[in-house]
Amino acid sequence: MQLFKHQPIKIYNSLSGTKETFKPINEGYVGMYVCGPTVYSNVHLGNVRTFMSFDMIFRYLKHVGYKVRYVRNITDAGHLENDADAGEDKITKKARLEQIEPMEIVQRYTVDFHNILNTFNFLPPSIEPTATGHIIEQIELIKDILNNGFAYQVNGSVYFDVHKFNETHDYGILSKRKLEDLIHNTRELDGQGDKKNPQDFALWKKAEPQHIMRWPSPWGDGFPGWHLECTAMSTKYLGDQFDIHGGGMDLKFPHHECEIAQNEAAKGQSPVNYWMHANMLELNGQRMSKSTGNTVNPDELLSGNNKFFSKAFAPSVIRFFMAQAHYRSVLDLTDDGLIASEKGFFRLMDAINLLDGLKASETSSVDINTWKQKCYDAMNDDFNSPILIANLFEAAKYINQVKEGSETLTKEDAALLKTTLHAFLFDVLGLENVTKKESGQDKLSGAVNVLIKLRQEARANKDFAMSDKIRDELAEAGILLKDGKEGTTFSLL
RNA sequence: GGUGUCGUGGCCGAGUGGCUAGGCUCAGCUCUGCAAAAGCUGCUACAGCGGUUCGAAUCCGCUCGACACCUCCA
């Protein structure tokens with residue numbers, strides 16, 4: 001189904017600062033690259049939000065029929081903590097602290113990353129390349145950049161010559177910075193060492209003898225610069241020029257700026273047509289930061305084992321909460337916010353679960369096709385999931401109204417409503433119907449139905465003491481009874 | 001200091017030059033043996049001050065405030 005032919009998508013392009021109609025290089029195919037995590041510690045929720053935004057975008061592009069190659073890398077090469085010549089890289093530092101091999105650190109936190117993402121129902125990317133697996137490609141790139149005169153070699157290291165590059169190209173085109181401003185505003189850093197100018201960045205760094213993560217190169221043993229791996233891996237799998245490159249807002253400068261510069265220097269063309277940047281996640285109005293303690297891990301949020309939140313939240317509730325904000329807005333994670341989202345989420349799910357039991361009518365009093373297009377319009381407008389969700393709540397209202405008898409649906413419209421809702425909730429937003437199991441044919445539901453029947457009998461006999469006892473004690477056990485015109489149903493929590 | 005983003009009702013969070021998302025909360029009503037759930041109704045906001053306009057929360061300027069980046073960071 002090539003829905004995309006009728007559903008033109010607009011994407012906010014950070015490069016132009018405007019929303020542009022998305023036109024892939026090859027019709028029907030999309031190449032998308034997203035900067036993945038550096039695996040030196042547990043993923044934090046900010047990472048999760050960024051990757052979740054792109055997971056949703058990946059899902060929607062697939063939903064409208066694009067064949068998407070989604071590449072998200074793992075940074076495992078161990079870059080320096082700062083651009084100075086001295087100092088350990090993050091992975092080595094962690095390895096020393098934990099007294100294990102750097103590659104053990106990489107393995108441990110890569111596994112953690114995958115576990116967390118699976119818990120949140122992420123789709124795996126099409127390709128998940130690692131920096132250490134692409135050293136040769138990175139070395140080749142450096143050779144190209146050197147040959148084209150945009151880099152220089154000093155003491156076993158190779159640096160990108162930003163000033164030289166800026167003479168013929170525009171360094172700062174993405175982040176809207178001017179090189180001269182950067183020159184004036186660069187802080188005094190220690191150990192700028194071999195660099196001709198502080199704005200230059202490393203393509204290859206010489207490894208000191210104690211440096212464990214090292215590879216041979218034409219310039220001696222060393223390791224690649226941070227910005228280089230993304231250029232190497234994105235172009236290897238997506239071509240010298242590809243459709244979408246995403247990442248967190250904080251990577252815009254210098255990381256993405258440097259990627260553009262590297263690609264132009266090596267291959268003579270700008271690599272990416274649409275740059276997308278996801279905004280930051282805050283915790284109680286403050287930036288999440290390990291140093292100030294204003295941080296919470298995904299598993300702490302899921303388990304409720306933390307000092308910021310009053311209870312545990314299901315992965316889908318957190319997903320839903322995040323989808324209620326636009327990916328380009330700052331989102332503040334709060335207890336109240338999550339609780340409000342949780343209630344809304346379950347209301348939505350309860351409505352979905354009513355769909356199969358609805359009575360069909362001869363005519364429909366609501367226009368499902370118009371509603372459906374509004375859902376697409378929302379996502380087509382730079383993936384506006386909050387608007388989409390507003391429309392999904394409208395659908396939930398229809399469903400409840402049909403159940404009440406104030407609106408009607410034909411069998412066909414009910415089916416269309418159902419497939420559309422499922423597509424957006426589960427395929428696009430990646431949510432999971434956490435109440436589905438309970439309302440199904442399982443043993444719990446059989447047992448609860450027996451109690452519901454007993455309660456009905458008690459009520460028929462006006463034995464309200466007994467009927468209320470059943471209801472209240474079930475409630476205490478976390479099972480909520482809901483009396484309706486068509487009988488009693490229940491839900492958990 | 002520089003660059004950029006933003007400041008929306010009790011809270012969260014969309015959005016557009018005029019027709020005033022959505023969720024949560026709150027109040028009233030309907031339904032109910034009573035509740036709960038659901039439905040209906042109400043609460044009408046856009047930091048402040050100027051300007052452009054027939055008309056601005058939406059465009060421009062200034063002020064105040066917040067955040068991000070400029071240094072590893074999703």
Roughly how many Å is it from [atom1] in [X] to [atom2] in [N], rounded to a whole number?
X	N	atom1	atom2	result
A/Leu174	B/C70	CG	P	14 Å
A/Leu281	B/A68	CG	P	12 Å
A/Tyr40	B/C72	OH	C1'	7 Å
A/Lys205	B/C72	NZ	P	11 Å
A/Asn284	B/C11	CG	P	16 Å
A/Asn279	B/G13	CG	P	12 Å
A/Ile74	B/A74	CD1	P	11 Å
A/Lys178	B/G4	NZ	C1'	13 Å

For atom [atom1], what is the distance between [N] and [M], given to the nearest Å?
N	M	atom1	value
B/U8	B/U20	C1'	12 Å
B/C11	B/C46	P	13 Å
B/A45	B/G10	C1'	12 Å
B/A56	B/G48	C1'	16 Å
B/A57	B/C19	P	10 Å
B/G17	B/C60	C1'	13 Å
B/G4	B/A74	P	25 Å
B/U25	B/C67	C1'	27 Å

Is [Y] paired with [X] through a side-chain N to carboxylate O contact shorter than 4.0 Å?
X	Y	result
A/Arg471	A/Asp483	no
A/Glu342	A/Lys311	yes
A/Lys482	A/Asp350	yes

(request) Would you kindly check if the NZ (Lys) or CZ (Arg) of A/Lys397 is within the cone defined by 45 degrees around the ring axis of A/Phe393 and under 6.0 Å from the six-membered ring centre? (result)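 No.
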
(message) Check for me whether A/Arg72 meets the cation-pi criterion with A/Phe54, that is, NZ or CZ under 6.0 Å from the six-membered ring centre and within 45 degrees of the ring axis.
(response)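 No, A/Arg72 does not sit over the ring of A/Phe54.
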
Within the 4.0 Å heavy-atom criterion, would you say [X] contacts the bases, only the backbone, or no part of the nucleic acid?
X	value
A/Asp472	nothing
A/Gly247	sugar-phosphate
A/Arg328	nothing
A/Ala325	sugar-phosphate
A/Ser467	base

Is there, by distance only and without an angle test, a donor paired with an acceptor across the side chain of [X] and the base of [N] below 3.5 Å?
X	N	answer
A/Asp350	B/A38	no
A/Asp468	B/G33	yes
A/Arg471	B/C34	yes

(request) Would you mind telling me which residue lines up with the more 5' stretch of RNA chain B, A/Asp332 or A/Gly285, judged by nearest nucleotide? (result)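 The residue mapped nearer the 5' terminus is A/Asp332.
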
(message) Both A/Pro254 and A/Phe321 contact RNA chain B. Which one's nearest nucleotide lies toward the 5' end?
(response)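 Going by which nucleotide is closer to the 5' end, it is A/Phe321.
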
Selected nucleotide, minimal atom distance to [X] side chain, candidates [options]:
X	options	value
A/His326	B/A14, B/C70, B/C34	B/A14
A/Lys482	B/A37, B/A35, B/G15	B/A37
A/Thr50	B/G39, B/A14, B/A74	B/A74
A/Glu282	B/G39, B/U16, B/C67	B/C67
A/Glu404	B/A35, B/C69, B/A38	B/A38

(request) Just grab all the side-chain hydrogen bond (donor to acceptor under 3.5 Å, both in side chains) pairs involving residues 111-127 of chain A, residues at least two apart or on different chains. (result)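 Sorted result for residues 111-127 of chain A: A/His114-A/Glu128.
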
With under 30° as parallel and over 60° as perpendicular, where do the rings of [X] and [Y] fit, or are they tilted in between?
X	Y	value
A/Phe165	A/His169	parallel
A/His256	A/His245	perpendicular
A/His227	A/His255	tilted

Show each protein N/O and nucleotides 21-27 of chain B N/O combination with a separation under 3.5 Å, one pair to a line.
residue, atom, partner, partner atom, Å
B/G23, OP1, A/Arg347, NH2, 3.3
B/C24, OP1, A/Arg347, NE, 3.1
B/U25, OP1, A/Lys343, NZ, 3.2

Partner lookup for [N], please. Criteria are Watson-Crick or G-U wobble with both distances under 3.5 angstrom; report none if nothing qualifies.
N	value
B/C64	B/G7
B/U16	none
B/C43	none

(request) Look at the side-chain N and O atoms of A/Ser329 and state whether any lies under 4.0 Å from the OP1 or OP2 oxygen of B/A14. (result)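 Yes, A/Ser329 has a side-chain N/O under 4.0 Å of OP1/OP2 on B/A14.
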
(message) Between A/Asn400 and B/A37, is there a contact of a side-chain N or O with OP1 or OP2 at under 4.0 Å?
(response)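 For B/A37, neither OP1 nor OP2 has a side-chain N or O of A/Asn400 closer than 4.0 Å.
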
At a cut-off of 3.5 Å, list every protein nitrogen or oxygen paired with a nitrogen or oxygen from nucleotides 56-58 of chain B, distance to 0.1 Å.
none

(request) Look at atom NZ of A/Lys176 and say whether more than 12 heavy atoms of other residues, nucleotides or ligands are closer to it than 6.0 Å. (result)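 Above 12, so yes.
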
(message) Is a donor from one side chain sitting under 3.5 angstrom from an acceptor on the other, for A/Tyr327 and A/Asp382?
(response)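 On atom types as modelled, these side chains qualify, holding a pair under 3.5 Å.
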
(request) State, with a plain yes or no, whether a side-chain heavy atom of A/Met32 is found less than 4.5 Å away from one of A/Met276. (result)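 No, their side chains stay 4.5 Å or more apart.
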
(message) Can you confirm whether or not the ring centre of A/Tyr171 sits under 6.0 Å from the ring centre of A/Phe160?
(response)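 No, the ring of A/Tyr171 stays outside the 6.0 Å limit from the ring of A/Phe160, centre to centre.
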
(request) State whether the aromatic ring of A/Phe51 stacks on the base of B/A74, taking stacking to mean ring centres under 5.5 Å apart and ring planes under 30° to each other. (result)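 No, aromatic ring not over the base.
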
